[in-house]
Amino acid sequence: MINQKSQSSDIRRVAVVGSGLAGLSAARLLTQQGTSVTLFEKSRGPGGRLAAKRVTGGSADVGAQYFTIRSPEFSRFLHEYAGEAAFAAWEARFGYQQPDGRWQAFPEEPRYVGTPRMTAISRALASGLEIQAETRIAELARTDTQWTLTDTAGQPYGPFDAVIITAPPAQARDLLADSTLPDLAQQLNGPVSAILPCWAVAAYYETPPTDTFEGMRPNHDILYWVANNSSKPGRDDKGQWWVLHATPQWSADNEHTPAEEVMGSMVAAFQELTGAQHAPVETVSHRWLYARSADSDRPGCLWFPDDGIGLAGDWLAGGRVEGAFDSARSLINAMNRV
Ligand SMILES: Cc1cc2nc3c(=O)[nH]c(=O)nc-3n(C[C@H](O)[C@H](O)[C@H](O)COP(=O)(O)OP(=O)(O)OC[C@H]3O[C@@H](n4cnc5c(N)ncnc54)[C@H](O)[C@@H]3O)c2cc1C
C-alpha cells in the first residue's frame, strides 16, 4: 500500500480531468483511500503523452520514450498497480553528441518502457477505474460546496466535492478561465509559456539504418532525439521502426507545415545524421503542441482548499513521466492535510 492515511472526510467524490499518468496516479491513490473517483478524458483512451501509434507489424512510441524509476514510491506504485508485465528495463546503448560533433554515452541509469508499448502502463493503471472517455470537460461550476462539470456537448456530471485538473498548462488555464476562475487561470501564465512543442515521426526500415546507438540525442538543428523503437523489450518487428523527435525550435517554426513535408525533412535529416543509404518504406507522424516543459519551478502540485480544486501534472514536478507521478502523489498528500 502506498499511502494508508485516510483523506479529509469532506472529500468523498472527486472528478479528475485527464487520464495521463498524473490523472491515473491521482485516481489510483484516491481510490485506495476509499474516495469515489471519476476520470474524464477527451481522447479515446487513457495515457495522454504515454502514447503509441499503431503501425504495420505493431506499434511505435511517439510520445514518452522511456522513464526513470528513481523513487521507491514510484517503484512500489508501478509494481502494485501496473504490474510486472506492463513494463521492463530497456537495456540499450544511448549516446549524445557534443557541440564538437563527438559522441558520448549517456550516464548509466536504468531506463524503463511499457511492454509491448508505452500505453501498456496506462492501460494497466486504468483497469477498474471509472473513466468517461471522449469527454472533453469545458466548464466547472460551483454550487455551494460542490462542483458540476460540463463537457463540450453540454452534458453535466456531478456533483463532486473536489476537482483535480491534470491537463497540460494551456488546456488547464483555458478550463479555469472558462469556469470563471480567472485568478487561478492567471497563475498558469508562466507554465503555459514554458511548454515546448514536438513533431514526432516513426519511420520503418527493412534493414538497419545504423548500428551505433539505439537511442541518440544529436546536436542538430532539426533532430532532438532518435531511437530504434524495435530495440525496446517486447517489440517484435521484422525490420526496425525508428522514432524521430524534432527540436522544440524546429517544431515551433514548422507548427503549420503539412505532415508530409515534415516527415520528408526529418527523415532526410536522419539519413544525413546516420549516413543511411536507404529510405524508410513507411512513415507516420504526430504533432505535439504540448510536449515538454522547459525547466521551471517545481512546486509539486497546486491545491486550493477553499475552492476544492487541485492541479497536478509533469509540468509541476520537473516534467517527464516520473514527475507526473510525483506531482499526483504530492497533490493527494496536500489534500489529505486539509
Ligand atoms: C514527444 C515526447 C517525448 C517525451 N519523452 C519523454 C521521455 O523520454 N521520458 C520521460 O520521462 N518523459 C517524456 N515525455 C514527457 C512525458 O510524456 C510526460 O511528462 C507525461 O506523460 C505527462 O503526464 P501527465 O499526466 O502530466 O500529462 P498528459 O499525459 O498530457 O495527460 C493529460 C491528459 O489530459 C487530457 N485532457 C486535457 N484537457 C482535457 C479536458 N479539458 N477534458 C478531458 N481531458 C483532457 C489529455 O487528453 C491527456 O490525456 C515526452 C513527451 C513527449 C510529448
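All ligand and atom numbering here is 1-based and tracks the order in the structure. Since we're looking at a predicted model, the values are computed, not measured.
- Between Leu21 and ligand 1, an N or O atom pair is found at a separation short of 3.5 Å.
- Taking distance alone, with nitrogen or oxygen atoms compared against 3.5 Å, Gln65 approaches ligand 1 more closely than that limit.
- Contact annotation for Val62 and ligand 1: only backbone heavy atoms (N, CA, C, O) come within less than 4.0 Å of the ligand.
- Contacts with ligand 1 closer than 4.0 Å are made by side-chain heavy atoms of Gln171 only, the backbone lying farther away.
- Any N or O atom pair closer than 3.5 Å counts here, and Arg49 shares at least one such pair with ligand 1.
- Legend: residues meeting side-chain contact (heavy atoms from CB on, under 4.5 Å) with Gln98, ordered by chain and number and at least two apart, are Tyr96, Asp100, Arg102, Gln104.
- Here the two rings, on Tyr157 and Phe40, have centers that are under 6.0 Å apart.
- Atoms of ligand 1 lying under 4.0 Å from any heavy atom of Ala291, numbered from 1 in the order shown and given with element: 51 (C), 53 (C).
- Remark: the Glu214 side chain and the Ser231 side chain contain no N/O donor-acceptor pair separated by less than 3.5 Å.
- Between Gly313 and ligand 1, no pair of N/O atoms sits closer than 3.5 Å.
- By the 30° and 60° cut-offs, the orientation of the rings of Trp90 relative to Phe94 is perpendicular.
- Counting only heavy atoms from C-beta outward, the side chains of Arg123 and Ser127 never approach each other to under 4.5 Å.
- Within the 4.0 Å heavy-atom cutoff, Thr135 counts among the residues contacting ligand 1.
- Here atom 26 (O) of ligand 1 lies nearest to Asp314 when heavy atoms of Asp314, Ile165, Leu140 are compared.
- Any N or O atom pair closer than 3.5 Å counts here, and Tyr290 shares no such pair with ligand 1.
- The closest approach between Ala312 and ligand 1 stays at or above 4.0 Å for every heavy atom of the residue.
- Considering backbone and side-chain atoms together, Ala324 places no N or O closer than 3.5 Å to any N or O of ligand 1.
- Ring pair Phe106/Trp225 is tilted by interplanar angle, where 30° to 60° counts as tilted.
- Residue-level proximity to ligand 1 for Trp288 is carried by the side chain, the only part with a heavy atom below 4.0 angstrom.
- Contact check on Arg70 versus Glu109 returns a salt bridge, with a Lys/Arg side-chain nitrogen under 4.0 Å from an Asp/Glu carboxylate oxygen.
- With respect to Arg235 and Asp61, a salt bridge is recorded, a charged nitrogen being found less than 4.0 Å from a carboxylate O.
- Residues Arg329 and Ser25 fail the side-chain proximity criterion, which asks for heavy atoms closer than 4.5 Å.
- Results of the side-chain contact (heavy atoms from CB on, under 4.5 Å) test with Ile69 over Tyr112, Phe325, Phe77 single out Tyr112 as the only residue that passes.
- Counting heavy atoms closer than 4.0 Å to ligand 1, residue Val321 contributes atoms from both its backbone and its side chain.
- Numbered from 1 in the order shown, with element, the atoms of ligand 1 that lie under 4.0 Å from a heavy atom of His245 read 1 (C), 2 (C), 3 (C).
- Every atom of ligand 1 is numbered from 1 in the order shown, and the set under 4.0 Å from a heavy atom of Thr166 is 32 (C).
- Aromatic ring centres of Phe87 and His79 lie closer together than 6.0 Å.
- For Val17, the closest heavy-atom approach to ligand 1 falls below 4.0 Å.
- Remark: aromatic rings of Trp241 and Tyr204 are close, center separation under 6.0 Å.
- For a threshold of 3.5 Å applied to N or O pairs, the pair formed by Lys42 and ligand 1 contains at least one separation below that value.
- Evaluated by nearest non-hydrogen atom to atom 10 (C) of ligand 1, the leading choice among Trp315, Phe67, Tyr66, Trp199 is Tyr66.
- In this structure, Gly323 does not count as a contact residue of ligand 1, since none of its heavy atoms falls inside 4.0 Å of the ligand.
- Summary of contacts: the protein heavy atom closest to atom 31 (O) of ligand 1 is Gly20 CA, 3.5 Å.
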